[in-house]
Protein chains: 2
Amino acid sequence: MGSRVTIRDVAAVAEVSPATVSRVLNADQRVAPELRERVLAAVERLGYRPNSQARSLRTQATRVIGLIISDIQNPFFTSLVRGVEDTAQASGYSVVLANSDEDLGKEQQYLRVAAAEQMAGVILSPASSSRTRIGELVHEEIPVVTIDRRIAADVDSVAVDNVAGARRAVEHLLQTGASRVGIIAGPEDVSTAADRLEGYRAALRAAGLAVDPELTVRGDFRVDGGHRAAARLLDRPDRPDALFAANNLMLIGTLDAMAERGLTAPADLLLAGFDEMSWAGFAPPLTLVEQPTYEIGRLATQLLLRRIAGGTAAAEHVVLEATLKVRASSDLVRRAV
Amino acid sequence: MGSRVTIRDVAAVAEVSPATVSRVLNADQRVAPELRERVLAAVERLGYRPNSQARSLRTQATRVIGLIISDIQNPFFTSLVRGVEDTAQASGYSVVLANSDEDLGKEQQYLRVAAAEQMAGVILSPASSSRTRIGELVHEEIPVVTIDRRIAADVDSVAVDNVAGARRAVEHLLQTGASRVGIIAGPEDVSTAADRLEGYRAALRAAGLAVDPELTVRGDFRVDGGHRAAARLLDRPDRPDALFAANNLMLIGTLDAMAERGLTAPADLLLAGFDEMSWAGFAPPLTLVEQPTYEIGRLATQLLLRRIAGGTAAAEHVVLEATLKVRASSDLVRRAV
DNA sequence: GCTGGGCGAGAAATCGATTTCAGAAATCGA
DNA sequence: TCGATTTCTGAAATCGATTTCTCGCCCAGC
């Protein structure tokens, strides 16, 4: 490495000891102003940057937080990542990003890396609510906050009220005139999928309708799975008159399946989904339950930083509101106008 | 930190010196089989994991490579990231991901982090071909490989032949019957944008057509910019009879603008784009110039690893082929069938 | 005038690994 | 059998920072 500048070099130039240089840089008060001046000048002149490995070896603390998300391809996470980065950087932490791809093995591997690298903390969108294992992090006393989804372990979490969000969407579909609402639900072992399914059922029951198990089909939160699930519902002789897709990618699959069959919303059936989708400019505009993604990232990071600072209170579960945005895909009136 | 196991603990249990433990773990040949056994057993029993900070402090080499991409939201990068991760992991390196968001300031900051963390190398999709500054990395002798785009500096690069790809797409549009082809081009200071524009012009010239400057509109490689650019072209009194969008997100913006105006492809105009888009299930299926993204990531990582290992040859520029996939959006015949 | 307390700065220990160096044991050749 | 060489192992130095320990100095209090 190109003859890197060390703290000794700075000390030599400033004519003080390395200890004094360290004190100046770590804002230790008890250094004479004159020495401080000399040190800062030397740092400036030599372009000194502390070696972060040496520092964290000594202090036993890194200033890196890991962000492990379950699907980098899902735009839902993009603005969330930004919320995490902004908040972390404001506190002098840097963020490393990893993509578990909804794969437990990969997730495990990244969790292991986080433990090995002694990261200050980890924000995790777990691939499974029951089978994700954070034991290694717990063992190293590395704090964890889950986002979007919860797990069995006793850790902080930040998520939206998925039950209420889904319920609101399905109630809206019913009020707009649907009577047979199908749901393209998510994987069984993901908490958000379970919650959204529960919201769907609650809406039906509240409207005095029976929950027809035939109208619930599970996908995998991906485009293909959504496509297959939607196809099964659309090909039924008694086709549903409305569909609710439990996440954004599966809604794309649903639109795909509809297009293949020459069906459009809201003319042939009403359509609603979950998660923002402005990145995909579909016609018609889609009715969606939207989440405050940036805010989720920001709050999760705040919780994590508090833990890192030593908070030992009981696990905190922040629940934000998801808001229903009604657009043309479910709105016969607006469409008519 | 929960009483971490160190090399001394292992040495004590195995009744050897720390030096011997280190040699066993670093595959040093000259250790007696019996001692080796004892050490491995102790490592296993204690669940010992070397502290990577201490190791890289001593060896002056980390096993981390930085991957700085220009837009995490663009699915083009997803499979590329996978190519990088797989290849890096096979050689024992881990990958940290950063998103510059096409923002020179953010990019600068991540490059600085990479230098400060003494990363082994950096794979970069530069935000600008002329204003991206890799000076700090060069100074630290950290190798860099650019992907997708090139920069002025003398570093390895991996990209597709953007000129040929774009040319092929536009030639196809012309052969299918278009005579006035508009292009939604990318930002001026990104090499891929320049190359694709050149390919477009080459195709027109080869067909003996004049290049009408009115039919070239620049976007920003994002959905919104594509939307605005397409709107300008579509609202002309002499509307083009074909459009070529220089990347995937701008093609979405284009579809958006078309939908607003009640236009569909290929009936009203022929449509082709650049980059894979299977994630967005559009109807009609889109004609696209597709890149071997996984392969780009794999090759870039191989080049980087070679540099890290000490290769000092002249900068290498790998150029892969981009293949045109003709689908319904530009194919009047197939549509008719 | 002497002692004790407080403060500022440097010397040295420390973090946890790798690697050099040196010494003991084993091997080899004559 | 003896010396020379090689092989293996452990002690100690090292990487670059932080932090404890220690010491000298100054000032207040008696």
Side-chain angles (χ1 to χ4, degrees), chain A residues 1-40 42-43 46-64 92 115-120 140-141, chain B residues 1-40 42-43 46-64 92 115-120 140-141:
Chain A
M1 306 287 149
S3 68
R4 209 178 152 73
V5 180
T6 75
I7 201 170
R8 305 199 96 82
D9 302 326
V10 175
V13 169
E15 297 181 312
V16 297
S17 72
T20 300
V21 176
S22 174
R23 290 194 184 99
V24 170
L25 293 174
N26 291 284
D28 191 318
Q29 294 309 314
R30 32 178 214 174
V31 172
E34 192 204 321
L35 294 193
R36 174 185 307 278
E37 284 294 302
R38 293 220 305 266
V39 168
L40 291 177
V43 165
L46 297 177
Y48 169 69
R49 291 189 181 286
N51 178 317
S52 57
Q53 274 117 26
R55 159 180 282 159
S56 59
L57 174 59
R58 178 64 235 238
T59 62
Q60 301 288 64
T62 62
R63 293 184 77 78
V64 173
E117 298 278 336
Q118 300 274 81
M119 288 183 185
E140 300 281 347
E141 296 178 17
Chain B
M1 305 287 150
S3 68
R4 207 179 155 75
V5 179
T6 75
I7 200 170
R8 308 198 96 80
D9 302 326
V10 176
V13 169
E15 298 182 311
V16 297
S17 70
T20 300
V21 176
S22 174
R23 287 196 261 264
V24 169
L25 293 174
N26 292 284
D28 191 319
Q29 296 309 315
R30 33 177 211 173
V31 172
E34 190 203 322
L35 294 193
R36 173 185 307 278
E37 284 295 301
R38 293 221 306 266
V39 168
L40 292 176
V43 165
L46 298 176
Y48 168 70
R49 294 190 177 287
N51 178 318
S52 57
Q53 273 117 26
R55 160 180 281 161
S56 59
L57 174 59
R58 179 64 233 241
T59 62
Q60 302 287 60
T62 62
R63 293 183 78 78
V64 174
E117 297 279 334
Q118 300 274 83
M119 289 182 184
E140 299 281 347
E141 297 178 16

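First the proteins, then the strands, lettered A, B, ... as listed; each starts at 1. Side chains included, hydrogens not; waters and symmetry mates left out as well; all remaining heavy atoms used.
Straight-line distance from the CD1 atom of B/Ile7 to the P atom of D/dT14: 19 Å, rounded to whole Å. Residue B/Leu25 contributes atom CG, which lies 9 Å from atom P of C/dA17 at whole-angstrom precision. As rounded to whole Å, 13 Å separates atom P of D/dT9 from atom CD of B/Glu37. The distance between atom CD of A/Glu34 and atom C1' of C/dA9, rounded to the nearest whole Å, is 13 Å. Look at CZ on B/Arg38: it is 16 Å from P on D/dC8, rounded to the nearest Å. Atoms CD (B/Glu15) and P (D/dT9) sit 14 Å apart, rounded to a whole Å. One atom, CG of A/Asp28, and another, P of C/dA9, lie 10 Å apart when rounded to the nearest Å.
Put simply, the side chain of B/Arg23 and the base of D/dG10 share a donor and an acceptor less than 3.5 Å apart. In this model, no side-chain donor or acceptor of B/Arg8 finds a partner on the base of C/dT18 within 3.5 Å. Side-chain N/O atoms of A/Arg55 and base N/O atoms of D/dT18 include no donor-acceptor pair closer than 3.5 Å.
Distances shown here put a side-chain N or O of B/Tyr48 below 4.0 Å from the OP1 or OP2 atom of C/dA17. An OP1 or OP2 oxygen of D/dT18 is reached within less than 4.0 angstrom by a side-chain nitrogen or oxygen of A/Asn26. At C/dG10, one or more side-chain N or O atoms of A/Thr20 fall inside 4.0 Å of OP1 or OP2 (strictly under the cut-off). A close approach under 4.0 Å does occur between a side-chain nitrogen or oxygen of A/Gln60 and OP1 or OP2 of C/dG16.
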Exercise for review: Walk me through it: do B/Val21 and B/Val16 pass the test side-chain contact (heavy atoms from CB on, under 4.5 Å)?
Suggested key: CA-CA 7 Å; B/Val21 176; B/Val16 297; 3.8 Å; yes
Exercise for review: For DNA chain C, just give me the dot-bracket, please: Watson-Crick or G-U, both distances below 3.5 Å, ( ) intra-strand, [ ] crossing earlier pairs, | paired with another strand, . unpaired.
Suggested key: ||||||||||||||||||||||||||||||
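Residues A/Val5 and A/Val10 are in side-chain contact: their nearest non-hydrogen atoms beyond the backbone lie under 4.5 Å apart. You'll find the side chain of A/Arg4 reaches within 4.5 Å of the side chain of B/Glu140, heavy atoms only. In this structure, B/Val24 and B/Leu35 have side chains that are not in contact, with every pair of non-hydrogen atoms separated by 4.5 Å or more. A/Arg55 has its side chain within reach of A/Asn26: a pair of non-hydrogen atoms, C-beta onward, lies under 4.5 Å apart. At a threshold of 4.5 Å between non-hydrogen side-chain atoms, the residues B/Thr62 and B/Glu117 do not count as touching.
Proximity note for A/Arg58 (side chain, C-beta onward) versus D/dT14, C/dG10, D/dG16: the nearest is D/dG16. Ranking D/dC8, C/dA17, D/dT19 by closeness to the B/Ala32 side chain, first place goes to D/dC8. Of the candidates D/dT9, C/dA9, C/dG16, the closest approach to any side-chain atom of A/Val31 belongs to C/dA9.
Distance check, rounded to the nearest 0.5 Å: CG of B/Leu25 to CZ of B/Arg36 gives 9.5 Å.
As judged by a 4.0 angstrom heavy-atom cut-off over every strand, A/Ser22 is placed among the base-contacting residues.
With hydrogens and angles disregarded, no donor-acceptor distance shorter than 3.5 Å links the side chain of B/Gln118 to the backbone of B/Ala61.
Along DNA chain D, the nucleotide nearest B/Leu35 and the nucleotide nearest B/Leu57 are compared for position; the residue whose nucleotide lies closer to the 5' end is B/Leu35. Residue-to-nucleotide proximity on DNA chain C shows that, of B/Ala19 and B/Gln53, the 5′-proximal contact is made by B/Gln53.
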